[in-house]
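Just below is one structure, and these are the notes that go with it.
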Amino acid sequence: MSDDNFVFDRYREAIRIARPRTVRRPKHIHVRIEDDQVIAEHVRGRFTDDDFDGGVVPGFHSGFVEDNATAQYVADVVLLHIRNVQTSFSAPYIQTSDGEKKEGLPDRLVLIACSNRKQSGGNVGFKGPPPARWVPEPGLRQRIISKRSNVFSQIADAKLADGFKKGGNRIHQRPNQELKHGPDLGGVIDEQGSYLPASQRYTGRSYAPVSAEAWKSFSGKREKLTVLIMSGLYGLIEPDESIQEYDLHLTDTHVDTGQPVTTMWSGLFTEAVSTYVRHAYRGDRKVRIYNFLCDPHYVGAIQWQDLPKECSVFHLASPDADGVDLLPPAGAVLNAFLLDPGWLDRIDRDEKQYPVSDFGKAPPDYSDVRLIFESRVGLSKRQI
């Protein structure tokens with residue numbers, strides 16, 4: 001490393017030679033100790049196309065790891081830097097055999113939104129299950145966890161502004177001040193955060209109509225359907241994944257760039273659902289996706305037109321209610337689906353209207369609401 005010409009010039013020449021052959025090259029992420037002069041400014045200026053500045057680990061180069069606790073801290077910081085750089089990379093190339101499938105993914109998928117109202121507290125310490133375990137491809141799973149880590153860092157660094165409250169910063173919300181960079185958010189160390197399953201953590205309008213009996217029934221019928229919850233911090237999560245309390249919405253924006261959380265996740269949301277479809281498709285019938293997201297910001301976070309042709313999407317709509325007003329009926333329908341997955345194949349698209357009462361007890365003030373399952377977002381409104 002004392003002769004940077006030897007290191008960087010030779011590799012730059014190797015890149016030039018390999019480029020016509022479209023060789024897939026490794027990425028070099030350089031993470032340095034605060035007082036380390038090895039990767040100094042003159043060296044960083046000679047980086048190749050494959051070299052990235054991964055940031056700085058605070059402390060002294062000499063004797064910066066003296067015990068296990070310090071070593072864990074340094075490893076956590078290094079991993080955070082690497083994951084922050086990874087979120088800017090394109091999807092990794094993963095060689096798989098033709099027709100490779102992840103067994104056990106049901107070909108019926110329900111998408112619901114997280115909620116602003118959350119149960120506080122929980123069990124101290126992360127006990128599992130593994131983060132994003134439903135994702136069938138390891139490379140994609142790692143990128144989703146990296147994005148969680150990246151969004152967590154933006155909250156911790158006071159970089160996310162409240163999308164609803166002008167001038168508000170998310171770091172001032174009590175749950176965000178207590179967030180720990182645990183394994184659920186891409187951390188290495190279990191920092192004794194408080195965890196609950198997502199189905200218990202969220203208590204908002206689409207969760208109130210779902211009974212404990214329905215969630216228990218669902219746990220014994222996981223081969224029939226999958227439920228994924230869209231979150232601005234966690235991405236798409238299963239109801240039993242352990243999560244911390246937090247306060248974040250997809251409309252929140254970066255204080256410097258103005259980039260909304262929606263666009264930070266949108267590509268991964270679409271890719272994750274597309275990947276699910278490819279691995280759930282069996283060849284004999286299309287994968288059915290039920291969009292119960294309701295909130296337009298959440299619905300718009302997925303590029304529905306880019307999903308594979310092997311799926312059919314059923315968007316929940318109503319001639320009597322719009323947007324977030326549909327969250328309670330969505331919960332009532334989800335409750336029926338969890339208790340009786342047979343409903344998933346009895347639903348017709350576009351042509352039939354369903355009273356909420358068809359799915360059980362209607363939420364208060366919704367007894368007269370009719371529901372439609374659209375093939376395209378807003379189709380019934382355009383036809384009026």
Side-chain angles (χ1 to χ4, degrees), residues 105-119 134 196-231 234 236-243 273 276 280 287-296 298-299 302 312-349 352-374 377 380:
L105 285 180
D107 58 4
R108 299 295 182 258
L109 170 64
V110 180
L111 298 174
I112 61 176
C114 63
S115 69
N116 180 56
R117 291 200 295 273
K118 300 178 182 70
Q119 178 67 43
W134 72 267
L196 283 174
S199 61
Q200 297 179 29
R201 178 70 73 192
Y202 299 119
T203 61
R205 285 174 286 181
S206 61
Y207 294 84
V210 184
S211 65
E213 179 189 1
W215 286 122
K216 183 178 180 180
S217 175
F218 168 65
S219 66
K221 301 173 182 176
R222 300 294 289 271
E223 79 284 356
K224 300 290 187 181
L225 76 156
T226 294
V227 177
L228 294 178
I229 304 168
M230 180 180 288
S231 160
Y234 285 94
L236 293 171
I237 55 179
E238 292 182 286
D240 63 348
E241 182 164 347
S242 295
I243 64 172
V273 176
Y276 184 97
V287 177
R288 284 194 174 196
I289 300 174
Y290 293 86
N291 167 21
F292 291 175
L293 297 169
C294 301
D295 185 327
Y298 285 72
V299 174
I302 294 177
S312 298
V313 184
F314 293 66
H315 303 278
L316 185 68
S318 172
D320 309 308
D322 283 314
V324 296
D325 287 337
L326 270 173
L327 288 171
V333 179
L334 175 62
N335 187 75
F337 282 8
L338 299 181
L339 290 171
D340 178 13
W343 264 112
L344 294 157
D345 295 315
R346 296 198 295 267
I347 297 296
D348 294 324
R349 284 197 305 183
K352 186 174 180 179
Q353 294 184 358
Y354 297 84
V356 176
S357 58
D358 280 3
F359 301 95
K361 183 179 179 180
D365 301 323
Y366 284 88
S367 58
D368 295 329
V369 169
R370 298 160 294 167
L371 301 176
I372 303 171
F373 295 87
E374 302 177 325
V377 175
S380 60

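In this structure, the separation between OG on S242 and CD1 on I237 is 10.0 Å, given to the nearest 0.5 Å. Note that CG of D320 is 11.0 Å distant from OH of Y366, once rounded to the nearest 0.5 Å. Note that CE of M230 is 11.0 Å distant from CD1 of I112, once rounded to the nearest 0.5 Å. Here the straight-line distance linking atom CD1 of I302 with atom CD1 of I289 works out to 7.5 Å at 0.5 Å rounding. In this structure, CG in L326 is found 13.5 Å from NE2 in H315, a value given to the nearest 0.5 Å. Separation of atoms CZ (F314) and CD1 (I372) is listed at 14.0 Å; rounding is to 0.5 Å.
No more than 12 heavy atoms of other residues, nucleotides or ligands sit less than 6.0 Å from atom NZ of K216. Summarising the local packing, CG of D368 is surrounded by 12 or fewer heavy atoms from other residues, nucleotides or ligands at distances under 6.0 Å.
Across all their heavy atoms, Q353 and P355 have their closest contact at O-CD, 3.9 Å. Of all heavy-atom pairs spanning P363 and P328, the tightest one is CG-O, 3.5 Å. Nearest heavy-atom pair across P209 and A332 is CB-N, 3.7 Å. The nearest pair of heavy atoms linking L316 to C294 is CD2-SG, 4.3 Å.
Taking the six-membered ring for Trp and thresholds of 30 and 60 degrees, W343 and Y354 have ring planes more than 60 degrees apart, a perpendicular arrangement. Between Y276 and W134, the two ring planes are tilted [angle within 30° to 60°]. Classified by interplanar angle (parallel below 30°, tilted 30° to 60°, perpendicular above 60°), the ring pair F359/F373 is perpendicular.
You'll find the side chain of S231 reaches within 4.5 Å of the side chain of Y202, heavy atoms only. For the pair S318 and L371, the minimum side-chain heavy-atom distance is below 4.5 Å. Side chains of L344 and V110 form a contact here, defined as non-hydrogen atoms less than 4.5 Å apart. A heavy-atom distance below 4.5 Å is found between the side chains of I347 and F337. Side chains of L334 and S206 form no contact here, defined as non-hydrogen atoms less than 4.5 Å apart.
A donor-acceptor pair under 3.5 Å is formed between the side chain of N335 and the backbone N or O of S211. Judged purely by atom type and a 3.5 angstrom limit, S217 uses its side chain to pair as donor or acceptor with the backbone of L338. Here the side chain of S199 pairs no donor or acceptor atom with the backbone of D240 at under 3.5 angstrom. In terms of modelled atom types and a separation under 3.5 Å, the side chain of K224 and the main chain of R108 share no donor-acceptor contact. Put simply, the side chain of R349 never gets that close to the backbone of E374: no donor and acceptor are under 3.5 Å apart. No donor-acceptor pair closer than 3.5 Å links the side chain of Y207 to the backbone N or O of K118. A distance-only check finds a donor-acceptor pair linking the side chain of T203 to the backbone of R117 [under 3.5 Å].
Electrostatic pairing of K352 and D358 does not count as a salt bridge here, judged by no charged N lying under 4.0 Å from a carboxylate O.
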